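Note that the structure is a prediction, hence the values are computed from the model and not measured. Lettering of chains follows the sequences in order, A, B, ..., and the numbering in each one begins at 1.
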Amino acid sequence: MNVTLAVKQYVTRMIEDSGPGMKVLLMDKDTTSIVSMVYTQSEILQKEVYLLERIDSQNRDNMKHLKAICYLRPTKENVESLIQELRRPKYSVYFIYFSNVISKSEIKALAEADEQEVVAEIQEFYGDFIAVNPHLFSLNLQGVARGRSWDPTMLARSTQGLTSVLLALKKCPVIRYQLSSDMAKRLAESVKLIITKEYELFDFRKTEVPPLLLILDRSDDAITPLLNQWTYQAMVHELLGLNNNRIDLSRVPGISKDLREVVLSADNDDFYANNLYLNFGEIGTNIKNLMEDFQKKKPKGQQRLESISDMKAFVDSYPQFKKMSGAVSKHVTVVGELSRLVAERQLMEVSEVEQELACQNDHSSAQQKVRRLLRLPGVCELDAVRLVMLYALRYERHSNSALPAMMEELAKRGVSEKYRKMVHSVVEYGGKRVRGSDLVTATDAVAITKQFLKGLKGVENVYTQHQPLLQDTLDQLVKGKLRDAQFPYLGASSLRDRYTPGGPHLGASSLRDRYTPGGPHLGASSLRDRYTPGGPHLGASSLRDRPQDVLVFVVGGATYEEALCVYNLNRSVPGVRIVLGGTTVHSTKSFLEEVTMTTGNISDRAGAGRNLSRR
Amino acid sequence: MASSYPPPFEGTGEVKEGFICPLCHKDLQSFYQLQDHYEEEHSGDDRHVRGQLKSLVQKAKKAKDKLLKRDGDDRADTGSYESFYYGGVDPYMWEPQELGATRNHQDYFKKHRAARIDHYVIEVNKLLIRLEKLTSFDRTNSDVAKIRAIEKSVVPWVSDSDVPFCPDCGNKFNIRNRRHHCRLCGSIMCRKCMDFVPLPLAYKLTSGTRESLCIPGSPGQSQAPPSGAGASGMGSRRGSLSSLSSVTSMLEEKDDEKIRCCHHCMDTLLKRQQKLEERDHMPDIVKLYERLRMCMDKVDEKAPEYIKVAESLNAGETTYNLDSAGGLRLEVQKYYELIDALSKRILTLGMKDDPAPTPKSLHLQKMIRYTATLFVQEKLLGLMSLPTKDKYEALKEKRKQEQEKKLQQERLAAQESMRKRQESEKNRSVATTNGEVPPAPKPPRMTKAGGWLPSADSKKTHSELKDPLLQQIDNIQSFLRQAREAQRTDEVAMLEENLRQLQDEYDQQQTSLAIALSQKLAQEENLQQGEIQRLEARERSEWEQRAPAADSRQPSSIWECSLDLGEPVAGYVEEDKIGEVTPKFERSPLSLRAFPALAGQEESPPRLRSLGGHVTPPSSEGPNSSSLNPFEEDSTPTEEDPSNPFFEDIQEEHKEVSNGKKEYNPFDDEEDNGGQEEPAATSLGNPFEEESSETSNPFTEASGDSPGVSTNPFEGDEDAGALADIDMIEEELLLQQIDNIRAYIFDAKINGRLDEVELLSANLRELQHTLQEQKKTH
């Protein structure tokens with residue numbers, strides 16, 4: 001279930017298959033990021049891969065003494081480029097690996113282009129996703145939705161990505177999806193279609209409890225991506241932007257040249273691996289320890305290196321020293337920059353209010369605090385808007401809503417129109433009307449008691465009291481308590497699909513439908529969506545055994561906070577392995593872009609979008 | 001020397017050596033003290049024993065896991081993540097997984113390619129044949145009409161009226177845009193879409209086919225012409241193309257030095273030409289790179305070997321020779337220098353050439369250099385330094401002293417408690433214990449004293465070397481005995497269950513090893529018997545006088561002993577005696593021992609083996625020990641004390657045990673033998689001998705130290721060939737040696753000591769060689 005390892009094993013196998021000799025790795029834009037997430041340059045150099053090239057780059061020279069390993073997504077353009085390449089081969093021999101299923105006709109086209117007989121291997125290796133952590137993968141897709149439905153190309157790409165994860169992990173899952181989201185359902189069906197079509201590929205050893213693929217929708221929890229984060233990985237992503245494990249530090253004042261872009265990879269950076277999920281305070285202590293260690297190891301000035309044995313000792317420890325010094329300067333810079341931003345943007349205060357908004361239920365105090373922060377000059381534009389968004393989501397239907405007043409405050413602060421518009425977009429994207437489960441207010445007795453108990457216990461850390469909705473969902477899932485009404489099984493849905501409104505089930509289904517939000521959707525769609533047939537589920541009860549291997553996929557992007565929560569669940573629940581994936585991994589900024597792209601289209605073609613979602 | 005070896009799988013925890021009480025971990029000086037201690041302190045601890053057992057079984061299980069050692073488990077060890085587990089597993093430590101799903105399209109691909117290739121090959125050949133026909137006559141001196149006629153005869157031309165537009169660019173043909181025929185396929189195209197095959201190229205392309213047609217099956221000739229000629233051909237073609245196409249644009253009827261053809265034919269021909277050129281061409285960078293990789297492989301092979309040697313030397317051990325280690329270091333360093341030099345050559349390759357290398361190949365060179373630098377940095381700087389000569393002497397001295405001190409202490413303590421024990425033993429009823437203990441089939445013999453620990457012989461041999469599992473089996477057996485004595489049937493049952501578990505595990509682990517062990521033992525016995533025969537031949541008269549007397553008296557005392565300390569001691573005695581009588585023979589088994597000892601320190605395989613030999617087939621030892629009785633006799637008469645033969649025996653043998661041990665100490669023996677063997681062996685395993693001989697001279701120098709063929713321990717034997725029928729025995733010995741070494745190799749392979757395997761097989765080869773030589777002379 002380790003996605004990083006899965007991709008790494010694929011790449012290693014490719015390289016090893018080609019035997020000894022100088023090699024060049026030919027990739028496309030996507031596979032370049034895929035490979036770069038699991039292999040560092042020095043690692044891949046040790047495997048005799050000396051050149052990394054893009055298949056579409058024009059200025060590649062003839063180098064007949066190199067072997068070419070091609071790792072490509074099976075897109076039309078790539079196949080075309082490859083055909084051209086084979087017609088006039090630049091390298092001596094080609095080992096071709098596609099990252100996903102490729103059609104027979106394309107193979108035929110390639111075979112006919114290979115007149116020089118340079119192709120030695122042609123295989124499918126299903127590493128068609130970005131492995132961020134062992135339990136987290138992304139597809140790096142931004143703006144997957146047009147209104148409430150899929151952008152067709154994005155759906156195709158997501159399906160490919162998701163099926164490749166399943167193949168790489170050798171899982172043939174049962175699929176559950178979030179009923180309130182049409183996109184989740186479409187994706188589930190699309191994945192199922194592929195599994196049925198390529199049943200030979202998915203013929204893995206059966207486990208007693210089948211693995212589970214759970215497809216969720218980001219719009220169900222719009223709060224999590226809006227919060228400021230305090231664990232290392234999440235914080236770096238939120239404040240500096242983590243793109244394929246790389247951070248761009250060029251905007252940092254006074255940055256040295258070789259630290260403009262740094263790589264944070266848990267695979268070969270012990271400090272990062274150990275501190276990935278620790279919070280900012282703990283990192284501060286650890287970085288201090290790291291510095292002290294380093295100082296101890298550091299040769300103290302030139303005069304100390306007088307005797308031969310000193311020199312020897314220094315040389316002996318030199319590689320380690322050098323490695324350590326690289327790690328130290330990197331992390332000191334990153335943490336330094338983080339704390340500078342925290343101070344500059346008054347993130348401690350902002351975050352406290354954010355967390356209160358997200359977790360507590362005290363409207364008057366919350367709105368007072370938000371308004372106070374809005375007046376503070378140090379709070380930056382993004383944080384101000386973020387607070388208002390959280391407030392808007394949290395107290396969407398509150399009778400005393402202070403939202404108009406807040407919007408005015410924003411205008412007064414000079415927050416750009418674009419951002420102010422986004423407040424409404426976010427509500428449209430993840431407001432109550434859209435949500436399938438209840439994000440903010442507990443409705444059933446258990447949840448209310450839980451919240452009450454939480455209130456009694458007090459909060460351990462004000463900045464990290466928020467638990468993403470995913471935590472709850474997965475908790476119920478591993479306990480076998482996740483409700484079919486909200487997250488139905490795909491296989492069991494055949495009856496529902498055939499269901500016609502007005503049939504004999506009408507009464508029962510509407511009774512069961514406790515969460516139907518009011519509004520124009522109420523009619524036919526809610527009846528269709530909320531209906532759960534009683535019959536087939538009894539037969540499918542074995543499916544409901546507690547799943548052991550779970551793949552969660554969030555349409556519209558996951559977050560690092562959720563990754564942390566999945567990480568902790570993995571560590572705390574014996575026998576359960578959960579992998580989280582998303583169309584992307586969001587920071588607040590990227591999330592707002594996603595929201596704009598999604599809702600922008602809603603207003604553009606409101607009618608069409610609605611119609612589509614009803615289908 | 002430590003006797004009780006703590007299980008090695010307790011990881012980083014403190015490792016205790018010596019006589020450790022298994023219950024309170026108190027370190028006691030000797031076995032007897034430990035026994036006393038146990039009887040005093042823990043006799044009431046029976047309940048505790050049960051818990052102890054559980055942990056023992058667990059340990060055994062852990063050991064088993066460790067032994068099986070699945071790949072990929074290492075990863076879990078490397079991570080140093082905080083451990084606040086609640087029972088789940090950190091995703092970083094998820095168990096290793098197999099490679100994900102894959103699908104191979106090779107067959108389908110090849111099927112379609114084959115069809116295509118056939119088509120392609122036919123096309124190329126067709127073109128080449130036509131080209132040959134077109135170039136086979138004297139073009140320059142023939143007139144246009146004649147040329148045209150010949151050209152038309154080669155391939156039928158498409159009639160002009162059929163083609164109103166250029167098939168390539170689609171332009172209409174008219175007076176200005178005239179039709180042109182491809183001479184190779186007969187198709188029509190306009191001037192712009194037309195190409196020319198210059199004659200030199202045509203000759204070159206057809207030369208291959210012509211030659212191969214003339215002399216079929218002579219690949220050397222039909223190979224592509226030298227690349228230089230090819231390049232010039234290319235150049236001239238280019239020149240003629242550009243210049244001629246402009247000239248002929250006006251008047252294009254006569255093609256003196258070129259053949260008109262279409263793009264498609266030209267493409268095919270050019271590809272063909274490229275292929276011909278590349279077939280044999282191996283750029284410099286490839287040659288250099290191959291050498292570079294070879295050096296890297298060498299370093300990967302030699303560096304760990306060196307590090308092992310250096311570690312051992314730095315600890316003051318005498319397993320390895322300082323000089324040869326220095327040589328090894330020099331060798332490894334030479335490889336590093338070579339890597340550095342080669343990668344520098346690669347980096348600057350082609351820098352001064354006229355057409356400067358393309359940026360990509362420069363990049364490639366840079367990356368290779370970078371990789372080499374990384375490699376050297378990583379590996380070279382990890383090489384530890386060797387101690388200087390003086391320092392090494394000091395280290396050696398220190399270690400020796402330490403060991404001697406320890407030995408002394410042990411001996412004193414042992415003797416003292418021995419006396420104590422003798423006293424206490426007299427009070428015990430010997431008969432009951434003797435009767436109670438059935439001769440255990442597999443594990444080491446129990447002492448008649450009914451102790452809970454392995455007996456005295458194991459102190460000398462196995463407990464210090466043996467598998468932790470064996471120790472536990474021992475322990476449990478003694479617990480079992482205790483429990484029986486105490487009449488606790490429930491506990492006995494449990495203990496037996498545990499014992500079975502342990503033994504099963506041990507069996508599993510041991511089965512493969514056991515084959516080699518028993519083989520080896522048998523061979524050793526053969527060897528010994530062979531020696532005995534020789535000795536008999538020499539000293540027959542003495543033996544004959546004494547033997548009858550000895551045999552008659554022996555059984556009573558010897559059988560007593562063999563229950564107690566008998567056999568191993570006898571083994572030692574025998575070796576000891578052999579050593580005394582014929583020192584030259586001692587060398588062969590001992591020097592043999594030196595090979596595996598190269599790798600090990602305390603737990604050198606031969607000792608382990610001898611232990612295992614004693615342990616696994618005890619039945620085979622019975623006759624052996626009785627046949628050895630004469631040796632026993634040899635010593636007993638000297639200090640005969642009929643009043644108390646039992647006491648004397650024990651004391652005597654005890655002394656001998658320590659003697660034998662001293663004799664056996666690898667740190668003494670190997671100083672001579674190891675010193676001789678090792679450098680020679682190294683030079684054997686070194687294929688670079690010729691190259692490196694002139695610079696770092698450790699090999700010649702070292703082999704100069706050892707006499708003659710240096711490695712061959714039988715050299716010495718030949719000197720001793722004063723005896724008449726020595727040749728026969730020599731040969732037999734050689735055969736045995738070879739067998740022995742084979743067993744060693746087998747064993748080393750099982751233990752995964754590949755370097756040892758190499759050394760041993762080198763030696764084996766040499767032995768076989770000697771054998772053959774001997775057979776010849778015979």
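- A/Gln123 places no side-chain N or O within donor-acceptor distance of the main-chain N or O of B/His105, the cut-off being under 3.5 Å.
- When heavy atoms are compared at a cutoff of 4.5 Å, A/Glu106 does not approach chain B at all.
- Of the listed residues (A/Leu167, A/Ile578, A/Asn275, A/Ile107), the one with the most heavy-atom contacts under 4.5 Å to chain B is A/Ile107.
- Counting heavy-atom pairs closer than 4.5 Å to chain B, the top-ranked of the candidates A/Glu115, A/Glu112, A/Lys8, A/Glu121 is A/Glu115.
- With a threshold of 4.5 angstrom between heavy atoms, B/Phe109 approaches chain A through its backbone and through its side chain.
- Using a distance-only test at 3.5 Å, with no hydrogens or angles considered, no donor-acceptor pair links the side chain of A/Glu124 to the main chain of B/Thr102.
- Contact count versus chain B (heavy atoms, under 4.5 Å) is highest, among A/Phe125, A/Tyr126, A/Phe204, for A/Tyr126.
- Taking B/Gln365 as the reference, nothing meets the side chain to side chain donor-acceptor pair (under 3.5 Å) condition, with sequence neighbours excluded.
- A cation-pi contact, defined as under 6.0 Å to the ring centre and within 45° of the axis, is absent between A/Lys108 and B/Tyr108.
- The pair A/Arg87-B/Asp267 does not count as a salt bridge, with every side-chain nitrogen at least 4.0 angstrom from each carboxylate oxygen.
- Of the listed residues B/Glu290, B/Lys271, B/Arg103, B/Gln97, the one with more heavy-atom pairs under 4.5 angstrom with chain A than any other is B/Arg103.
- Contacts between A/Val118 and chain B at a heavy-atom distance below 4.5 Å involve the backbone alone (N, CA, C, O).
- The interface of residues 90-103 of chain A with chain B, defined by heavy-atom distances below 4.5 Å, comprises A/Val101, A/Ile102.
- Proximity to chain B (any heavy atom under 4.5 Å) is restricted, for A/Leu276, to the side chain, taken from C-beta onward.
- Between chain A and the residues B/Leu374, B/Leu364, B/Val286, the largest count of heavy-atom pairs under 4.5 Å involves B/Leu364.
- Proximity to chain B is limited to the side chain of A/Arg13, based on heavy atoms less than 4.5 angstrom apart.
- In this structure a side-chain-to-backbone donor-acceptor pair under 3.5 Å is present from A/Lys170 to B/Leu99.
- Heavy atoms closer than 4.5 Å to chain A are found in both the backbone and the side chain of B/Arg113.
- In this structure, the side chain of A/Tyr10 engages the main chain of B/Ala101 through a donor-acceptor pair within 3.5 Å.
- For the set A/Asn59, A/Val119, A/Leu110, the entry with the most heavy-atom pairs within less than 4.5 Å of chain B is A/Val119.
- In this structure, B/Arg116 and A/Asp114 have side chains that are not in contact, with every pair of non-hydrogen atoms separated by 4.5 Å or more.
- Scanning all heavy atoms of the two residues, the minimum distance from A/Asn2 to B/Trp94 falls at N-CE3, 3.8 Å.
- For the atom pair NZ (A/Lys47) and OG1 (B/Thr371), the distance works out to 13.5 Å, reported to the nearest 0.5 Å.
- For B/Lys287, the NZ atom sits in a packed shell: over 12 heavy atoms of surrounding residues, nucleotides or ligands are nearer than 6.0 Å.
- Looking at B/Gln106, its side chain does come within 3.5 Å of a backbone N or O of A/Ala120 through a donor-acceptor pair.
- The distance from atom CZ of B/Arg272 to atom CD of A/Gln116, rounded to the nearest 0.5 Å, is 11.0 Å.
- Take B/Thr373 and apply the side chain to side chain donor-acceptor pair (under 3.5 Å) test, not counting sequence neighbours, and it matches no residue.
- B/His363 meets the side chain to side chain donor-acceptor pair (under 3.5 Å) test with no other residue; sequence neighbours excluded.
- Top candidate by heavy-atom pairs under 4.5 Å with chain B, chosen from A/Thr4, A/Asn62, A/Leu201, is A/Leu201.
- Between chain B and the residues A/Glu117, A/Gln41, A/Met63, A/Gln46, the most heavy-atom pairs under 4.5 angstrom are made by A/Glu117.
- Note: B/Lys360 NZ to A/Ser57 OG = 6.0 Å, rounded to the nearest 0.5 Å.
- The two atoms that bring A/Asp61 and B/Ser361 nearest to each other are OD2-N, 4.5 Å, heavy atoms only.
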